[in-house]
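Please read the structure below before turning to the comments.
Chain letters run A, B, ... following the sequence lines, proteins first, then strands; residues in each count from 1.
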2 protein chains.
Amino acid sequence: MEHGTSYKERKVITIGVVSELTGLSERQIRYYEERKLIFPERSPRGNRKYSFADVEQLVDIANKREEGVQTFEIRQEMLKEKKKEEAKNIKKEMLRGQINARFGVQKN
Amino acid sequence: MEHGTSYKERKVITIGVVSELTGLSERQIRYYEERKLIFPERSPRGNRKYSFADVEQLVDIANKREEGVQTFEIRQEMLKEKKKEEAKNIKKEMLRGQINARFGVQKN
DNA sequence: CGTGTAAGGAATTCTGACACG
DNA sequence: CGTGTAAGGAATTCTGACACG
């Protein structure tokens with residue numbers, strides 16, 4: 001990766017565009033941030049900037065909300081997902097460690 | 001593709017962010033549009049929106065300009081590139097036609 | 001030709017708050 | 001709890017123009 005993040009992860013979209021893209025109001029988008037469901041970056045002046053991944057996350061949140069799921073519960077589910085991901089990554093790293101130990105020591 | 005365009009092509013970035021990303025002034029970015037080097041979309045209200053592909057294009061343009069290449073010349077080069085792409089695509093389509101003619105008629 | 005800048009107006013975004021439920 | 005809204009201010013964006021070169 002040339003810049004640390006892919007197009008999908010780079011935070012470059014302003015809240016107005018996110019609102020158009022998701023159909024959510026800016027109020028809703030800001031509230032979901034308050035509830036720690038979404039984590040925009042800030043421009044120098046303080047404007048929120050979102051990634052495509054954030055937009056997709058928001059669409060998921062919107063669907064859950066329509067089903068009546070509360071933001072608190074959505075947060076719980078997100079944390080579970082995150083742990084699963086971490087477990088996966090640890091397995092990968094262990095495997096990599098095994099391979100390096102036997103076949104050589106390429107950093108990264 | 002789920003929406004006609006990939007993350008790279010979707011026009012969602014405002015001119016201020018493009019300016020930060022490229023280091024070009026808004027004035028320059030608008031001028032390159034005037035010279036038909038770049039083609040942002042417009043939001044409902046009229047604000048320009050760019051894609052990551054546009055951002056990369058602008059970086060290329062900036063490099064050419066530093067070398068003293070004029071916008072007119074840059075445009076010429078772009079048109080040449082475009083023709084090459086089209087020629088490639090025509091070849092692909094012809095090949096596909098050949099295959100369909102011999103082995104079956106799957107549309108698309 | 002390519003870019004800076006001041007100008008004026010319209011739309012954007014931000015925060016903190018009140019409202020309803 | 002989740003969302004709407006009015007409030008006031010600061011930053012954003014737009015266009016058309018003058019300037020310099």
Side-chain angles (χ1 to χ4, degrees), chain A residues 10-52 54-80, chain B residues 10-52 54-80:
Chain A
R10 295 200 67 181
K11 311 254 186 182
V12 297
I13 314 179
T14 53
I15 195 165
V17 177
V18 173
S19 177
E20 287 172 25
L21 255 30
T22 60
L24 293 166
S25 69
E26 298 184 9
R27 180 69 168 97
Q28 288 175 306
I29 296 168
R30 293 197 190 100
Y31 181 66
Y32 299 151
E33 176 181 0
E34 190 183 319
R35 300 314 308 275
K36 301 201 189 308
L37 300 182
I38 198 86
F39 305 93
E41 287 180 2
R42 297 283 182 142
S43 73
R45 187 277 211 170
N47 287 8
R48 274 168 265 249
K49 297 198 294 189
Y50 303 84
S51 65
F52 283 112
D54 291 332
V55 169
E56 291 178 10
Q57 177 73 47
L58 282 166
V59 170
D60 288 346
I61 293 169
N63 289 143
K64 297 262 179 65
R65 286 290 305 124
E66 274 181 43
E67 294 169 27
V69 186
Q70 291 184 271
T71 57
F72 176 79
E73 303 171 284
I74 296 174
R75 175 132 203 267
Q76 304 285 299
E77 293 172 31
M78 280 177 52
L79 292 175
K80 272 189 201 165
Chain B
R10 295 200 66 181
K11 311 255 184 179
V12 297
I13 314 179
T14 53
I15 195 165
V17 177
V18 172
S19 176
E20 288 171 26
L21 255 30
T22 61
L24 293 166
S25 70
E26 299 184 8
R27 179 70 168 96
Q28 287 174 308
I29 297 168
R30 293 197 191 100
Y31 181 66
Y32 298 151
E33 176 181 358
E34 190 183 320
R35 301 313 310 274
K36 300 202 189 309
L37 300 182
I38 199 85
F39 306 92
E41 286 181 1
R42 296 284 181 142
S43 74
R45 187 276 213 170
N47 286 9
R48 274 168 265 250
K49 296 198 296 188
Y50 302 84
S51 66
F52 284 112
D54 291 332
V55 169
E56 291 179 10
Q57 177 73 47
L58 282 166
V59 170
D60 288 346
I61 293 169
N63 290 144
K64 296 260 179 66
R65 285 290 305 125
E66 274 181 43
E67 293 169 28
V69 186
Q70 290 186 274
T71 58
F72 176 79
E73 303 171 285
I74 296 174
R75 175 131 204 267
Q76 304 285 301
E77 293 172 31
M78 280 177 51
L79 292 175
K80 271 189 202 166

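- B/M78 and B/L37 get closest at one heavy-atom pair: CE-O, 3.5 Å.
- Of the residues in residues 11-20 of chain A, those placing a heavy atom less than 4.0 Å from an atom of DNA chain C are A/T14, A/I15, A/G16, in numerical order.
- Distance B/K49 NZ to D/dC14 C1': 16 Å, rounded to the nearest Å.
- With sequence neighbours excluded, the residues forming a side-chain contact (heavy atoms from CB on, under 4.5 Å) with B/E20 are A/S43, A/P44, A/K49, listed by chain and number.
- The CG-C1' distance, from A/L24 to C/dT13, rounds to 17 Å in whole Å.
- Where DNA chain D pairs in unbroken runs of 3 or more (Watson-Crick or G-U, both distances under 3.5 Å), the stems are C:2-5 with D:17-20, C:17-20 with D:2-5.
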Scan the side chains in residues 59-68 of chain A for donor-acceptor partners under 3.5 Å anywhere in the protein, sequence neighbours excluded, and list what turns up.
residue: A/K64; atom: NZ; partner: A/E77; partner atom: OE1; Å: 3.1
residue: A/R65; atom: NH1; partner: A/V69; partner atom: O; Å: 2.8

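- With sequence neighbours excluded, no residue forms a side-chain hydrogen bond (donor to acceptor under 3.5 Å, both in side chains) with A/Q76.
- With sequence neighbours left out, the side-chain contact (heavy atoms from CB on, under 4.5 Å) criterion links B/Y31 to B/R27, B/E34, B/R35, B/T71.
- With sequence neighbours excluded, no residue forms a side-chain hydrogen bond (donor to acceptor under 3.5 Å, both in side chains) with A/Q70.
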Expected rows: protein N/O vs nucleotides 2-5 of chain C N/O, under 3.5 Å:
residue: C/dG2; atom: OP1; partner: B/T71; partner atom: N; Å: 2.7
residue: C/dG2; atom: OP1; partner: B/T71; partner atom: OG1; Å: 3.1
residue: C/dG2; atom: OP2; partner: B/Y31; partner atom: OH; Å: 2.7
residue: C/dG2; atom: OP2; partner: B/R35; partner atom: NH1; Å: 2.8
residue: C/dG2; atom: OP2; partner: B/T71; partner atom: OG1; Å: 2.6
residue: C/dG2; atom: O3'; partner: B/R65; partner atom: NH2; Å: 3.2
residue: C/dT3; atom: OP1; partner: B/Q28; partner atom: NE2; Å: 3.2
residue: C/dT3; atom: OP1; partner: B/Y32; partner atom: OH; Å: 3.1
residue: C/dT3; atom: OP2; partner: B/Y32; partner atom: OH; Å: 2.8
residue: C/dT3; atom: O4; partner: B/R27; partner atom: NH2; Å: 3.0
residue: C/dG4; atom: OP2; partner: B/S25; partner atom: OG; Å: 2.7
residue: C/dG4; atom: N7; partner: B/R27; partner atom: NE; Å: 3.2
residue: C/dG4; atom: O6; partner: B/R27; partner atom: NH2; Å: 3.1
residue: C/dT5; atom: O4; partner: B/R27; partner atom: NE; Å: 3.2

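- Checked against side-chain hydrogen bond (donor to acceptor under 3.5 Å, both in side chains), A/Q57 has no partners two or more places apart in sequence or in another chain.
- In this structure, A/I29 places its CD1 atom 14 Å from P of C/dT15, rounding to the nearest Å.
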Got a list of protein N/O to nucleotides 7-10 of chain D N/O distances below 3.5 Å?
residue: D/dA10; atom: N3; partner: A/R45; partner atom: NH2; Å: 3.3

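- A donor-acceptor pair is defined here as one N or O able to donate and one able to accept, closer than 3.5 Å; no such pair exists between the side chain of B/K11 and the backbone of B/D54.
- Take A/E26 and apply the salt bridge (charged side-chain N to carboxylate O under 4.0 Å, His left out) test, not counting sequence neighbours, and it matches A/R30.
- Closest approach to the A/N47 side chain among D/dT12, C/dT15, D/dC14 is made by D/dT12 (side chain taken as heavy atoms from C-beta onward).
- Every residue was checked against the side-chain hydrogen bond (donor to acceptor under 3.5 Å, both in side chains) condition with B/T22, not counting sequence neighbours, and none meets it.
- In this structure the side chain of A/F52 reaches within 4.5 angstrom of the side chain of B/V12, judged on heavy atoms.
- B/S19 pairs in a side-chain contact (heavy atoms from CB on, under 4.5 Å) with only one of the listed residues (B/I29, B/L24, B/L58), which is B/I29.
- Other residues, nucleotides and ligands place more than 12 heavy atoms under 6.0 Å from the CZ atom of B/F39.
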